[in-house]
Every structure is written in structure tokens, then in C-alpha cells.
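Working notes for the structure below.
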Number of protein chains: 2
Amino acid sequence: MSDEDCGLRERKKRETRLALHRAALDLVEESGFDAVTTDQIAARAGVSSRTLFNYFPNKESAVLGATPADPDEMRALLDARPASEPILRSLRAIVETRLSPTTYDPQLRAQRRRVILSESSLGPALVGNNIRVENILTELVAERLGLDPAESVRPRVTVASALAAVRACIEHQHTGGRGTVEETVDEAFALLEHGFA
Amino acid sequence: MSDEDCGLRERKKRETRLALHRAALDLVEESGFDAVTTDQIAARAGVSSRTLFNYFPNKESAVLGATPADPDEMRALLDARPASEPILRSLRAIVETRLSPTTYDPQLRAQRRRVILSESSLGPALVGNNIRVENILTELVAERLGLDPAESVRPRVTVASALAAVRACIEHQHTGGRGTVEETVDEAFALLEHGFA
DNA sequence: GCGCAATTTTGCAGCGAGTGCAAGAATTGT
DNA sequence: ACAATTCTTGCACTCGCTGCAAAATTGCGC
């Protein structure tokens, strides 16, 4: 996926996109999300402010380097999981992939992770409140469970809870909570799986 | 609470607040959330645009008539629930109270409900993404469970999942899903209680 | 009532996010 | 090298929201 379409045009676009993402991450890490303007990000990336919005729909997405959730891509992710796996576990894997994309170079990934875990303005944009992602996943989960998403809320509630759980764990970090994200996510999904009762 | 402090000043403030809320609801019901500007809301309420933001922190809050989440108030709500009640059930009751405040006159409440269920821009502002509410509830739930919210994620995950579940049910309505909100919320909380496994 | 203090409203000036549009620059295939 | 396509840029603009200081309103002691 990263080597196909190697025209100059496509390569430049990838470079620009990455430059914007890097610039955004750097600036946010330096001064905090709210103190950084989109103009500054564009300037550091060496591109006009208008161009930033050709690549990302908003500031948050630029910082996250968010790729516009593609249904096919997510379907591929889900299909990659064994059919026998409990749906929650598959969901968790998918969400974690979105959280730290494996196509990144490790250093950038680490920085992204650092920023996500320290900037609370980003949580919502990442997993919570991301209606588009929720809708796509709901559709996919319904399919796998053999349910009609218009008939039963179950798929949607499953997805929403999973996303919320991850976001809660990130929030837990923001508020200085104990444990690594991995540990707390473990705990959270155990709760979802076996019930809060 | 609605009769105390009956000075002219306090009464006028309540009137203005209500006027803004009503204006916002009316306009949004007429034209949709995105098509309504804060200036229009203020104008219909007969106050300056600047005044709107003296009463509400943002457009969404004006439409929702959102009262700034008060820790003490929420504690009172929780304390009103029997101590033996499962925490999820208490949470559900609290969230539902926030969803349709009992201090409203029925007609306004109905309108508010209608708007909430038809305007998807509002879901986030109501329950999801409401970090402040989540933090307060997390604290309270931790207390009731006898846990330290910094030690265990459980309280936070419980709260986040409950909020997410309700938001998911509202979203279910938005997307034309079947069933009343009550039914779907029932189903959702049953899942949370007994687990998704 | 009267006048002073506290509070509220308002206008204004301004910032930052985000968009539509049209002109200009770069890249492509031929 | 030329034309078609695509990307970038600048510009003007809307909208949400904020700070500030002046003006209006209300509360209170007399």
C-alpha cells in the first residue's frame, strides 16, 4: 500500500501529508494543543494554511494524522481476525491498530502516543465521538453477529462500549491514574466481557 | 429550588436563560442545528448575542439548556438511590435524569427530547464527550465501590460505558433503528450488566 | 424616593477554525 | 512540447467564541 502508485504526484502528496502531521505533533508537544494554530502547523510544514485543510478536515485530525476511516480498510482488519474470536477481542485489536498505526516509523509512533496520552483535547477525536468509525464498525459487527443493525442495538452498543472503554483508559492516564495503558485496557475489556454486575 | 431567591434580578436571569433555551430549541427544530446561528438564537430570545454566552458556554449547551454539571447535585442524585442497588442501575437513573430533567414543564421536555433524538450534532454534547460529567461520576462511583479512582480504572470504565451505551441508543434512533429508546436502553444495560461475551 | 454599589447587558474589536472559489503552478499522458 | 488533469494558494467570508470597557439595571441603606 505504501509502494504502489509511485508517481511524483502521489509521492509528494504523501510527503506533504506526513510533513503536516509531523509539524502538528511537534508543535503540540512543544506548546500544547490549544496554543497551536493551524497557521503555525501549515507554516512549519512549509505549506499554505489552506492546504492543511485539503489534507485534514480539522486540527485534531492533523495532529493525529488521521486517515479518513475507510469502510473497506476496516473490513479488512476485521476479516483478518479469526472468525471464532469473540467480537470484543476483535474490536479491541482494531481499535488498538487505529491507536497506533503499524505503518509508522517507530519514533513517530512513540511521539504520537506521547501526545495522545498527554493532550486531553484529542481523546474525543480519536475514539470517542467518532460517529463515522462507530457506524462502520457497527455495520461490520452486526454482520459478524448475524444481526440487523436496525433491528438490534446490540452491535452498536458493543462498538460504542469498546470505544468508550479505550477512551476511558486514556482518560485514566490523563488524570494521573495508575497502570500502563495495556494493563488498564485489559481490565476494561475483562469487565465488558464478563459484565459489570 | 425554583422558588428560592425571588429577587427581581434572579427571576430575570431565570427568564432570560429559559428564553434562550426555548429560542434555541425552536430554531433548531425549524431549521436544524447547523443552520441556526447563535446570533439568531439570541435575537429570538430578545437579547444580545454576547449575552447568550454569559448564560451558556456554547451553542450546544443553549439548545440542551445544559446546567453546568454540579458535583454536589450529582452526589445528591446518587445518594438518592438505594445503597444496595447495582451501580449500573443507579448510573442509568442519573443519566436518564440528565436526559430529561424533571424540573421542566412537560411540553418543553417533549420538545427537547424530540430535538435530541433528531439532531445528531447534540449526542456528543449531552452524554458522550462530556469529560466533566464523566469525571464527577467516576469520583462518585469509585466512592460507592470503595475503590480509589487513581488505582483502578473500573469506576471510570463503568461510567464511560454507561454513558456510551445511552449515547449509542440515541444514535440508534438517529439511524432509524427499531424500538423505543427505553427498550433499547434496557437491552444495552442488560448487556453491560451481564457482559458481551 | 434617592443615590451608591454591585451586577448584568451590550457593543465592539478581535482571534482562530473552517469553507468556497477562482486563478496560478505543477504533474501527467500523449 | 502541449493539453488535460490535479494540487496549491490566496482571498474573502462565515461562524463560534472571548476580552474588555462603557452603559444600563437592580439591590440596598438611608
Side-chain angles (χ1 to χ4, degrees), chain A residues 4-21 23-25 27-28 30-68 119 121-122 124-125 129-132, chain B residues 4-21 23-25 27-28 30-66 68 119 121-122 124-125 129-130 132:
Chain A
E4 73 191 31
D5 217 338
C6 256
L8 175 63
R9 180 160 250 146
E10 216 59 30
R11 205 185 65 223
K12 272 203 162 186
K13 274 175 76 174
R14 270 203 293 269
E15 275 169 13
T16 304
R17 185 182 194 83
L18 187 59
L20 281 166
H21 180 33
L25 275 179
L27 283 167
V28 168
E30 284 169 22
S31 335
F33 184 82
D34 294 336
V36 171
T37 72
T38 53
D39 285 2
Q40 288 170 357
I41 298 174
R44 180 168 300 198
V47 96
S48 89
S49 344
R50 189 64 186 76
T51 298
L52 187 151
F53 291 104
N54 289 339
Y55 283 88
F56 300 100
N58 50 49
K59 197 165 94 164
E60 287 88 341
S61 301
V63 176
L64 294 174
T67 241
E119 283 291 336
S121 316
L122 293 175
N129 190 16
N130 197 332
I131 297 298
R132 187 168 159 68
Chain B
E4 73 191 34
D5 217 337
C6 258
L8 175 63
R9 184 160 247 147
E10 216 59 30
R11 205 187 63 225
K12 273 204 160 187
K13 275 176 76 173
R14 270 203 293 269
E15 276 169 12
T16 304
R17 184 183 195 81
L18 188 58
L20 281 166
H21 180 31
L25 276 179
L27 284 167
V28 168
E30 286 168 20
S31 333
F33 184 82
D34 294 337
V36 171
T37 70
T38 53
D39 285 0
Q40 289 170 356
I41 297 174
R44 180 167 300 197
V47 300
S48 86
S49 342
R50 189 65 186 75
T51 298
L52 187 151
F53 292 103
N54 290 339
Y55 283 88
F56 300 100
N58 49 50
K59 197 166 95 165
E60 288 89 340
S61 301
V63 176
L64 295 174
E119 285 290 337
S121 318
L122 292 176
N129 191 14
N130 198 330
R132 189 170 157 68

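Values reported hereafter were calculated over all heavy atoms of this structure, with side chains retained and with hydrogens, waters and symmetry mates removed. The chains referred to below are lettered A, B, ... by the order of the sequence lines, with proteins before strands, and numbering in each begins at 1.
The interatomic distance linking B/Arg11 (CZ) with D/dT26 (P) rounds to 10 Å, in whole Å. Distance, A/Asn54 CG to D/dT5 P: 20 Å, rounded to whole Å. Here the C1' atom of nucleotide D/dC13 and the CG atom of B/Asp39 are 15 Å apart, to the nearest Å. A/Asp34 places its CG atom 19 Å from the P atom of D/dG16, with the value rounded to the nearest Å. In this structure, B/Glu10 places its CD atom 14 Å from C1' of D/dT25, rounding to the nearest Å. Distance CG (A/Leu52) to P (C/dG18): 9 Å, rounded to an integer number of Å. Taking atom NZ of residue B/Lys59 and atom P of nucleotide D/dT14, one finds them 16 Å apart after rounding to whole Å. Taking atom CG of residue A/Leu27 and atom P of nucleotide C/dG16, one finds them 14 Å apart after rounding to whole Å.
Side chain of A/Thr38, nearest nucleotide from C/dA17, C/dT28, D/dC17: C/dA17. With C/dG16, C/dT10, D/dC17 as the choices, the nucleotide that has an atom nearest any side-chain atom of B/Ser48 turns out to be C/dT10. The side chain of B/Tyr55 lies closest to C/dT9 when the candidates are C/dT9, C/dG18, D/dC17. When each of C/dA17, D/dT25, D/dC17 is scored by its nearest atom to the side-chain atoms of B/Lys12, the top-ranked nucleotide is D/dT25. The A/Arg9 side chain lies nearest to D/dT5 when the options are C/dA17, D/dC17, D/dT5.
One distance of note links CG of A/Leu25 with CD1 of A/Ile41; it measures 9.0 Å at 0.5 Å rounding. Residue A/Glu119 holds its CD atom at 7.0 Å from CG of A/Asp34, rounded to the nearest 0.5 Å. Rounded to the nearest 0.5 angstrom, A/Ser61 OG and A/Leu122 CG are separated by 10.0 Å. Note that the CG atom of A/Leu18 and the OH atom of A/Tyr55 stand 11.5 Å from one another [nearest 0.5 Å].
Considering only side-chain N and O atoms, B/Thr51 lies nowhere under 4.0 angstrom from the phosphate OP1 or OP2 of C/dT9.
Residues B/Ser49 and A/Glu60 each lie close to DNA chain C; by heavy-atom proximity, the contact nearer the 5' end of the strand is made by B/Ser49.
Using a 4.0 Å cut-off between charged nitrogen and carboxylate oxygen, B/Glu15 and B/Arg11 count as a salt-bridge pair.
A donor N or O paired with an acceptor N or O is not found under 3.5 Å between the base of C/dG18 and the side-chain atoms of A/Arg50.
Within the 4.0 angstrom heavy-atom criterion, only backbone atoms of the sugar-phosphate kind lie near A/Asn58; the bases stay farther away.
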